[in-house]
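The figures that follow rest on heavy atoms only: side chains count, while hydrogens, waters and symmetry mates do not.
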There are 2 protein chains.
Amino acid sequence: MATRVERKQASLLRILDAAAARLRTEGLMGAAIGLVMRDAKLTHGAFYSHFANKEELTAAAFRHALANNRTRWTTGPSGEHWPQRLTRLAKRYLTPAHRDDPANGCAFAAVASEAARSPAEFRRVFEAEMIQSLRAICGPTAAPSANPDPNGVDPTRHDEAIALLALCVGGVTLARAVEDGETSARVLAACQAAAARLANPEGATDSATRAVD
Amino acid sequence: MATRVERKQASLLRILDAAAARLRTEGLMGAAIGLVMRDAKLTHGAFYSHFANKEELTAAAFRHALANNRTRWTTGPSGEHWPQRLTRLAKRYLTPAHRDDPANGCAFAAVASEAARSPAEFRRVFEAEMIQSLRAICGPTAAPSANPDPNGVDPTRHDEAIALLALCVGGVTLARAVEDGETSARVLAACQAAAARLANPEGATDSATRAVD
DNA sequence: ATGTCGGCATGACGAGCGTCATGTCAAACG
DNA sequence: CGTTTGACATGACGCTCGTCATGCCGACAT
């Protein structure tokens, strides 16, 4: 049998995995302590050996959910240009597969409207994760931006990334909130088309828009 | 004193107003029966003279919240063209005033991610309201669309309205979910700029894009 | 005037939740 | 080898919520 700290770390990981999954499928307060601990093969009493209260759990689970997905989503083909990256992200995000698998999906879309009503402490966590995801989206591309900011990110690209995130989060959320499958698919398609138009404005001919030669 | 049916109608209206406000500020399950009835100056027992259960209340309150705002948002200046309408809606929606007053704001943004996890019955209500709002957005403009659908709506405009709604809902939700005021304002501004770009693609010169002469 | 109806108040029940006190047992340590 | 530590189980407490049974009392019909 493993050592003590190893067993505790393993327990904590099971708790975080279970909580992250429940947070994305059932929402912020759907990740009830009793249910999370049951998923983690523990009893509810053991919870307070890992966290002081539920707020700490939700914050940690939210961070955990996003940390697991960030690199998986951000890394694209090498030599990727900016408009390509934006359209690729939207094309992958606004998809029936992502819509139908919230347990492994984007945590922003899962808890966005609940986070808006959460105490300031959680909103700070939300904001920090969002900024980190935006920086990951704006991360190094094949063609570095023409006017990089002192801190390394082109503010124009940063704003485009914000709009893309809002469009994607709103898109899957609306697609999940409607009943009819056709309506849902149309929401995804319309947002995907809009994202492509946003990333690659019609008639634009600057170097960043053209494909790699 | 008023007649009996009038008093009941007045009570129902107070209940719906209170529930609609709580639904937008506290979310779907934040509109608890006891609190709503207290806001409506009634006791919790009287609730079941108006609704069979809580599901009926939430559905009715959601419809009530949207019905109150739809015409207020949709009606714009006469002689309004399609791109102008889209930019006007985004400019008004993605605003600090709207962000900071959820009690009178858009119900879609308030409950979107919770609706995604709601039973099919509520999702049907959500879908019906969304379709109705989309048709209101696509409603008659100064320049009717070139290719109107048999049922009266240009499918291209309908898809643009979907994307605009997703961008707006995602935008205010993210703006509400972050703590820092500057970050929040930047989210609103970035989404507003993206909506304008979406409604009025750069370089386009067709008649619908030009201002009224 | 008298009886019926129904909106409303009061009170209670059970379920689910967060939280904590207490006990237990195996691993870590001197 | 004996002691201590701490992760975990058990059980309980208080709170909130949805739901319903019961009773009241004013408005309406006859």
Side chain of B/A46, heavy atoms from C-beta onward: which of C/dG6, D/dA7, C/dA9 has the nearest atom to it? C/dA9
Looking at C/dC20, I'd like to know if its phosphate oxygens (OP1 or OP2) sit under 4.0 Å from a side-chain N or O belonging to A/Y48. no
Round to the nearest Å and state the distance from B/R14 atom CZ to C/dG7 atom C1'. 12 Å
B/K8 or B/H44, whichever maps to the more 5' nucleotide of DNA chain C: B/K8
Relative to the ring of A/Y93, is the ring of A/W73 parallel (under 30°), tilted (30 to 60°) or perpendicular (over 60°)? tilted
Tell me, yes or no, whether the heavy-atom count around B/E121 atom CD, taken from other residues, nucleotides or ligands under 6.0 Å, exceeds 12. no
Just the rounded figure in Å: distance from P of D/dC8 to CG of A/L42. 6 Å
How many Å lie between CZ on B/F51 and C1' on D/dG18, as a whole number? 15 Å
From D/dG18, D/dG6, C/dC17, nucleotide with atom closest to A/R4 side chain: D/dG6
Roughly, in whole Å, what's the span from CE in A/M37 to P in C/dG18? 12 Å
Tell me which residues in residues 57-65 of chain B put a heavy atom below 4.0 Å from DNA chain D, sorted by number, or none. none
Between A/R88 and A/E80, is there a side-chain N and carboxylate O pair less than 4.0 Å apart? yes
Do A/E114 side-chain atoms and A/L28 backbone N/O form a donor-acceptor pair below 3.5 Å? yes
Counting only side-chain heavy atoms from C-beta out, which of C/dT19, D/dA7, D/dG18 sits nearest to A/K54? C/dT19
Rounded distance in Å - CD (B/E26) to P (D/dC17): 10 Å
Rounded to the Å, how far apart are B/L12 CG and C/dG7 P? 11 Å
Length of the CZ-P vector between B/R7 and D/dC28, whole Å: 9 Å
Grab the CE-P distance between B/M29 and C/dG16 for me, whole Å please. 13 Å
Choose from C/dG7, D/dA9, C/dT10 the nucleotide whose nearest atom is closest to any side-chain atom of B/S49. C/dG7
Minimum-distance nucleotide to A/T43 side chain [options: C/dT10, D/dT10, C/dT19]: D/dT10
Are A/S184 and A/R176 close enough that a side-chain donor and a side-chain acceptor fall under 3.5 Å? no
Distance alone, cut at 3.5 Å: any donor-acceptor contact between the side chains of B/D17 and B/H64? yes
B/T3 vs D/dC28: side-chain N/O to OP1/OP2 distance below 4.0 Å: yes
For B/E26, is there an ion pair with A/R117 - N to carboxylate O distance below 4.0 angstrom? no
Does A/S11 place a side-chain N or O at less than 4.0 Å from the phosphate oxygens OP1/OP2 of D/dC8? yes
